[in-house]
A.B. asks: 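Okay, here's the structure, questions in a sec.
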Amino acid sequence: TELSKGDVMTAEEVDEITDIWSLDVNTRWRLYRHWLCMFQADIRKKILQHEQQFQIAADRLMELREKEDRLLLQDARIIGMTTTGAAKYRRVLQAVKPTIVIVEEAAEVLEAHIITTLSRNCQHLILIGDHQQLRPSANVYDLAQNFNLE
C-alpha cells in the first residue's frame with residue numbers, strides 16, 4: 001500500500017537530506033517513491049529513444065526491401081500478382097512502370113482494385129473474363145448504367 005501512495009518527496013527536499021538513517025519511516029517511503037519516479041522517468045526516456053531508433057531502422061529496412069523488389073522486377077518481362085499484391089506493391093509497380101496490365105477474371109474484381117494496378121505509363125489495360133460464366137457487376141452506378149452491366 002505504501003507504493004501506491006502519491007506523496008513523493010521533491011528534489012529540493014532530497015537535496016536537504018544528509019543522513020538517510022535519521023529519517024522516520026514515512027519520510028523514507030517518500031524518498032523511495034521519489035527515487036522510483038526518477039527511475040521510471042529514466043526508463044521511459046530510454047524506451048522512447050529505443051522506439052525512435054527502431055522506427056528509423058524499420059523504415060530503412062522497408063525502403064531497402066522495396067528497392068530490392070524494384071531491382072528484381074524492373075527487368076522482368078512478365079510480372080504476375082493478385083490485385084491484393086498489386087495494391088501492396090503499388091509503389092514498386094509505379095517505379096517499374098508497366099505499359100501493359102492484364103487482369104484475369106476481371107468480372108470478379110472491383111474497379112478500385114483494378115485502378116490500383118495502373119500506373120501513368122500504362123498504355124494497354126486488358127480485362128479477361130467470361131461474361132457468360134459470371135456476369136460483370138459494377139460498384140459504380142454510372143459504369144453500370146452507361147455500359148449495361150446490370
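All heavy atoms count here, side chains included; hydrogens, waters and symmetry mates do not.
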A.B. asks: Please name the pair of heavy atoms, one in L93 and one in M81, separated by the smallest distance, quoted to 0.1 Å.
C.D. replies: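 Here L93 and M81 meet closest at CD1-SD, 4.0 Å.
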A.B. asks: Please determine whether the number of non-hydrogen atoms from other residues, nucleotides or ligands lying under 6.0 Å from atom CD of Q74 exceeds 12.
C.D. replies: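 Check passes, neighbour count above 12.
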A.B. asks: In the structure I gave you, are the side-chain heavy atoms of I17 and L31 within less than 4.5 Å of one another anywhere?
C.D. replies: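 Side chain of I17 against side chain of L31, heavy atoms only: contact under 4.5 Å found.
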A.B. asks: Is there a path from V101 to I128 through hydrophobic residues (I, L, V, M, F, W, Y) whose side chains come within less than 4.5 Å of each other?
C.D. replies: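 Each belongs to a different hydrophobic cluster.
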A.B. asks: Out of curiosity, I47 CD1 to Q52 CD, how far, rounded to the nearest 0.5 Å?
C.D. replies: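 Going from CD1 on I47 over to CD on Q52, the span is 12.5 Å.
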A.B. asks: Crowded around M38 CE? As in, over 12 foreign heavy atoms under 6.0 Å?
C.D. replies: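 Counting other residues, nucleotides and ligands, CE of M38 stays at 12 neighbours or fewer.
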A.B. asks: Take I102 and H124 through the side-chain contact (heavy atoms from CB on, under 4.5 Å) test and state the conclusion after the steps.
C.D. replies: CA-CA 8 Å; I102 300 173; H124 301 283; over 6 Å; no
A.B. asks: Under the salt bridge (charged side-chain N to carboxylate O under 4.0 Å, His left out) definition, can you give me all pairs with a residue in residues 29-41, not counting sequence neighbours?
C.D. replies: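 Listed by first then second residue: E2-R33, D7-R30, E13-R30.
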A.B. asks: If you compare all heavy atoms of I79 against all heavy atoms of A76, which two are closest, and at what distance to 0.1 Å?
C.D. replies: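 So the minimum-distance heavy-atom pair works out to CG1-CB, 4.0 Å.
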A.B. asks: Does CG belonging to L64 count more than 12 external heavy atoms closer than 6.0 Å?
C.D. replies: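 For L64, atom CG is crowded (more than 12 foreign heavy atoms under 6.0 Å).
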A.B. asks: Could you note down all residue pairs passing side-chain hydrogen bond (donor to acceptor under 3.5 Å, both in side chains) where residues 15-24 supplies at least one of them, sequence neighbours left out?
C.D. replies: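 Listed by first then second residue: D24-T27.
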A.B. asks: Would H34 and L36 count as a side-chain contact (heavy atoms from CB on, under 4.5 Å) here? Give the steps.
C.D. replies: CA-CA 5 Å; H34 172 78; L36 193 60; over 6 Å; no
A.B. asks: Which value, rounded to the nearest 0.5 Å, describes the distance between I100 atom CD1 and R77 atom CZ?
C.D. replies: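 Those atoms lie 10.0 Å apart.
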A.B. asks: Of all heavy-atom pairs between R60 and E63, which one has the smallest distance, and what is that distance?
C.D. replies: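 Shortest heavy-atom separation between R60 and E63 comes out as NH1-OE2, 2.9 Å.
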A.B. asks: Please name the pair of heavy atoms, one in C122 and one in L125, separated by the smallest distance, quoted to 0.1 Å.
C.D. replies: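 So the two residues come closest at SG-N, 4.4 Å.
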A.B. asks: Could you walk me through whether R44 and Q40 pass side-chain contact (heavy atoms from CB on, under 4.5 Å), step by step?
C.D. replies: CA-CA 6 Å; R44 283 188 193 103; Q40 289 172 342; 3.8 Å; yes
A.B. asks: OG1 of T82 to NZ of K88: how many Å apart, nearest 0.5 Å?
C.D. replies: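 It comes to 9.5 Å.
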A.B. asks: Please confirm whether the backbone N or O of V92 pairs with a side-chain atom of R70, one donor and one acceptor, at under 3.5 Å?
C.D. replies: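 Not at all, since once roles are kept as given, no pair shorter than 3.5 Å links the two residues.
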A.B. asks: Please give me the minimum heavy-atom distance between S119 and P98, naming the atom from each residue.
C.D. replies: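 What the structure gives for the nearest pair is OG-O, 3.6 Å.
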A.B. asks: Output, in order, the C-alpha distance, side-chain angles, deciding distance and verdict of ring-ring contact (aromatic ring centres under 6.0 Å, His included) for W35 and Y32.
C.D. replies: CA-CA 5 Å; W35 288 338; Y32 177 75; 7.2 Å; no
A.B. asks: Can you measure from NE2 (H50) to NZ (K46) and round to the nearest 0.5 angstrom?
C.D. replies: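 Reported to 0.5 Å precision, the distance equals 7.5 Å.
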A.B. asks: Check whether any side-chain heavy atom of L73 sits under 4.5 Å from a side-chain heavy atom of Y89, and report yes or no.
C.D. replies: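 No, side chains not in contact.
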A.B. asks: Got a salt bridge between D69 and R65, using NZ or NE/NH1/NH2 to carboxylate O under 4.0 Å?
C.D. replies: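 No, D69 and R65 are not salt-bridged.
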A.B. asks: Are V103 and I115 connected in a single hydrophobic cluster, I mean Ile/Leu/Val/Met/Phe/Trp/Tyr linked by side-chain heavy atoms less than 4.5 Å apart?
C.D. replies: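 They do not share one cluster, since no chain of ILVMFWY contacts under 4.5 Å joins I115 to V103.
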